[in-house]
2 protein chains.
Amino acid sequence: MADQHHLELLWGDDVPRGRGRPARTTRDEVVAAGMARADAEGLHDLSMRQVAADLGVGVMSLYTQVESRDGLVVLMIDRAFAEVTDTLARRDGEPWRDAAARQARTLWDLYGRHPWILDHGHRMPMAPHVLALEDAFYTPFLDIGLSPAGSANAAIALRSLVTGLARDSRSEQDQVRRTGVGYAEYWSTLNAVFWDRYFDEERYPAMTRLWYAGGFAAEDILAGEGILERAVAAYLDGIAARAHPGRTGQGTGEA
Amino acid sequence: MADQHHLELLWGDDVPRGRGRPARTTRDEVVAAGMARADAEGLHDLSMRQVAADLGVGVMSLYTQVESRDGLVVLMIDRAFAEVTDTLARRDGEPWRDAAARQARTLWDLYGRHPWILDHGHRMPMAPHVLALEDAFYTPFLDIGLSPAGSANAAIALRSLVTGLARDSRSEQDQVRRTGVGYAEYWSTLNAVFWDRYFDEERYPAMTRLWYAGGFAAEDILAGEGILERAVAAYLDGIAARAHPGRTGQGTGEA
DNA sequence: GATCCTTTCAGGACAGTGTATGGAAAGCCC
DNA sequence: GGGCTTTCCATACACTGTCCTGAAAGGATC
């Protein structure tokens with residue numbers, strides 16, 4: 001039950017113990033250094049030796065501030081989510097739909113700043129600011145006529161939609177950054193090789209139709225942020241229909 | 001451009017070269033062994049040495065069939081997606097909404113059988129059967145009155161919704177299996193420690209309200225499969241409203 | 001001010017990992 | 001039966017996270 005110790009680090013008070021040799025480094029400094037590394041290199045290339053070197057400190061010194069590498073990542077995630085805790089709060093008089101859409105967008109932007117969060121293999125940790133985000137996501141769906149379980153499901157699904165979309169689009173940039181190959185260059189060469197040599201129009205008729213119809217015209221359809229707003233709007237329309245049966249959603253109607 | 005070599009392994013013909021010492025092992029066998037390991041232990045604990053040992057073969061012998069560990073994983077993913085290629089095809093007369101929902105469910109079930117797919121850090125590889133799934137996902141949205149880009153966006157978002165939900169729910173079971181701690185046991189002890197000691201009802205009012213309203217009554221709200229069907233239905237309702245403006249979606253209306 | 005005590009520091013070691021190297025082995029073709 | 005071509009696999013290297021250990025450093029106490 002390693003999570004239990006994580007919980008103490010995440011939630012426990014930092015009781016400053018005055019006796020003994022003082023630590024050369026704060027836990028905040030370690031976490032910040034880890035985030036800087038992850039922002040620049042990705043989670044995969046984040047090593048304890050690197051973080052220690054960045055801080056000018058021996059490797060094992062990190063383990064007085066952090067229980068393990070996984071524990072460090074958990075703390076980093078909490079710190080990242082802390083960036084948006086205040087922004088997420090629902091504003092006075094803000095319609096539930098606007099609040100939900102704004103929160104989705106905020107989470108999307110957070111993933112944009114810290115793509116390594118999406119590489120975290122395990123479930124999101126029970127960290128204070130992660131829970132704060134979850135709580136904020138539940139808020140808009142509370143008093144719109146859904147059952148309690150329905151509200152919970154709606155919020156979870158919205159969060160998963162944003163996360164899934166972010167993964168599909170951002171991990172691409174992440175990989176591009178790691179390999180050092182530019183986005184346009186990567187796609188152009190890959191496409192030249194791939195479409196000309198391997199793609200079979202009869203095998204993939206839908207993609208072929210979309211291709212000739214210009215459906216992929218944006219070149220990097222995922223990189224555009226329109227897809228998030230559209231998907232969230234469509235989903236919230238469906239929720240709205242369930243929330244107030246008989247009324248149609250307030251969607252703008254644009255495709 | 002490591003992907004380029006992956007492409008050859010994925011799409012190139014397996015030209016059987018008759019000269020030279022014959023390989024003791026097929027590429028299919030290697031990929032199958034890797035999948036068995038990953039199904040049982042997860043992607044994180046999949047090592048080349050283990051796969052080689054399972055096959056009774058030297059470690060480096062794998063590298064004649066597979067370019068690298070990442071290449072092996074890519075082939076494994078393609079093989080996993082091949083399981084559903086036939087199932088995904090749209091059936092005669094099947095309404096687009098039913099087809100999309102069925103495909104979403106099929107992908108969800110695939111993630112259930114092979115949760116390690118969700119641990120793949122990079123973008124989904126351009127593999128034949130991965131493309132087949134993407135193509136199938138595009139199909140239902142083609143002739144329902146959306147713009148080409150709108151159809152593409154709708155299909156991508158649906159796929160991301162399923163993937164995101166699967167990650168949020170399945171990675172949990174994955175971690176539970178790895179740590180060997182049972183699902184119920186894990187949650188009960190964690191919850192006992194967490195809720196009693198750390199959770200602050202004033203800090204997380206929405207979760208608190210949902211808790212007392214029974215919104216989390218299912219105990220493992222994510223493990224239930226209802227959340228997928230509900231989320232997909234809501235999203236497709238929103239798409240339907242955009243596809244045929246003026247008509248309301250065919251949602252069942254249940255919360 | 002010296003001593004004890006508690007805590008952190010950091011070097012070395014260990015069990016892993018993916019994979020480059022290079023000589024030995026094994027089967028087809030002439 | 002060579003010659004050629006391909007595969008096999010032991011070894012080695014760089015790298016990882018983390019345990020162990022004794023030394024170092026500062027506060028508390030006499």
Side-chain angles (χ1 to χ4, degrees), chain A residues 2 5-6 9 14-31 33-34 37-38 41-76 116 119-122 178-179, chain B residues 2 5-6 8-9 12 14-31 33-34 37-38 41-76 116 119-122 178-179:
Chain A
H5 201 285
H6 289 175
L9 278 182
D14 298 17
V15 44
R17 35 194 178 290
R19 275 195 296 276
R21 177 177 181 173
R24 282 184 55 192
T25 237
T26 328
R27 173 145 71 232
D28 277 350
E29 289 173 359
V30 173
V31 176
R37 268 278 157 201
E41 319 274 354
L43 241 193
H44 183 70
D45 294 343
L46 174 80
S47 77
M48 302 300 271
R49 285 170 171 83
Q50 285 278 7
V51 174
D54 289 351
L55 289 168
V57 155
V59 191
M60 293 315 290
S61 301
L62 302 179
Y63 285 84
T64 64
Q65 308 293 349
V66 159
E67 202 219 4
S68 64
R69 183 185 186 273
D70 283 347
L72 169 60
V73 174
V74 164
L75 289 172
M76 286 163 53
W116 46 268
D119 293 340
H120 187 236
H122 315 305
R178 259 205 307 277
T179 59
Chain B
H5 201 285
H6 289 175
E8 282 196 31
L9 278 182
D14 297 17
V15 44
R17 33 191 179 289
R19 278 196 293 277
R21 176 176 182 173
R24 285 184 55 191
T25 237
T26 329
R27 173 145 71 231
D28 277 349
E29 289 172 359
V30 172
V31 177
R37 268 278 158 202
E41 319 274 353
L43 201 57
H44 182 70
D45 294 343
L46 174 81
S47 77
M48 302 301 271
R49 285 170 171 83
Q50 285 278 8
V51 174
D54 289 351
L55 289 168
V57 154
V59 191
M60 293 313 290
S61 302
L62 301 180
Y63 286 84
T64 64
Q65 308 293 348
V66 159
E67 203 219 4
S68 63
R69 184 184 185 273
D70 283 345
L72 169 61
V73 173
V74 164
L75 289 172
M76 286 163 53
W116 45 268
D119 292 339
H120 187 236
H122 315 305
R178 259 206 308 276
T179 59

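Below, chain A is the first sequence line, B the second, and so on; all start at residue 1.
- Atom pair B:D70:CG and C:dG18:P shows a separation of 10 Å (rounding to whole Å applied).
- Under the side-chain hydrogen bond (donor to acceptor under 3.5 Å, both in side chains) criterion, A:S61 pairs with no residue at all, not counting sequence neighbours.
- Contacts of A:D70 classified as salt bridge (Lys or Arg N to Asp or Glu O under 4.0 Å), with partners at least two apart in sequence or in another chain: none.
- If you measure from atom CG of B:L46 to atom P of C:dT17, you get 10 Å, rounded to the nearest angstrom.
- Scanning for salt bridge (Lys or Arg N to Asp or Glu O under 4.0 Å) contacts around B:R37 gives B:E41, B:D54, with sequence neighbours left out.
- We find that CD of B:Q50 is positioned 16 Å from P of C:dA15, with the value rounded to whole Å.
- Spacing between atom NE2 of A:H44 and atom C1' of D:dG17 amounts to 14 Å, rounded to whole angstrom units.
- Judged as a side-chain hydrogen bond (donor to acceptor under 3.5 Å, both in side chains), and not counting sequence neighbours, B:S68 has no contacts.
- Going from atom CG of A:L55 over to atom P of C:dC9 covers 11 Å, rounded to whole Å.
- Rounded to whole angstrom, the span from the CE atom of B:M48 across to the P atom of C:dT17 amounts to 12 Å.
- B:R27 is linked by a side chain to side chain contact (heavy atoms under 4.5 Å, CB included) to B:L9, B:D14, B:V31, B:Q65, B:L75, counting only residues two or more places apart in sequence or in another chain.
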Per-nucleotide protein contact string for nucleotides 4-13 of chain D, where B marks a base within reach and S marks sugar-phosphate only (heavy atoms under 4.0 Å, - for neither)
-BBBSBB-B-
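- D:dT16 atom P lies 14 Å from atom CG of A:L72, rounded to whole Å.
- Protein atom CZ of A:R69 is 13 Å distant from nucleotide atom C1' of D:dT18, rounded to whole Å.
- Nearest heavy atom pair, residue B:V51 against residue B:A33, reads CG1-CB, 4.1 Å.
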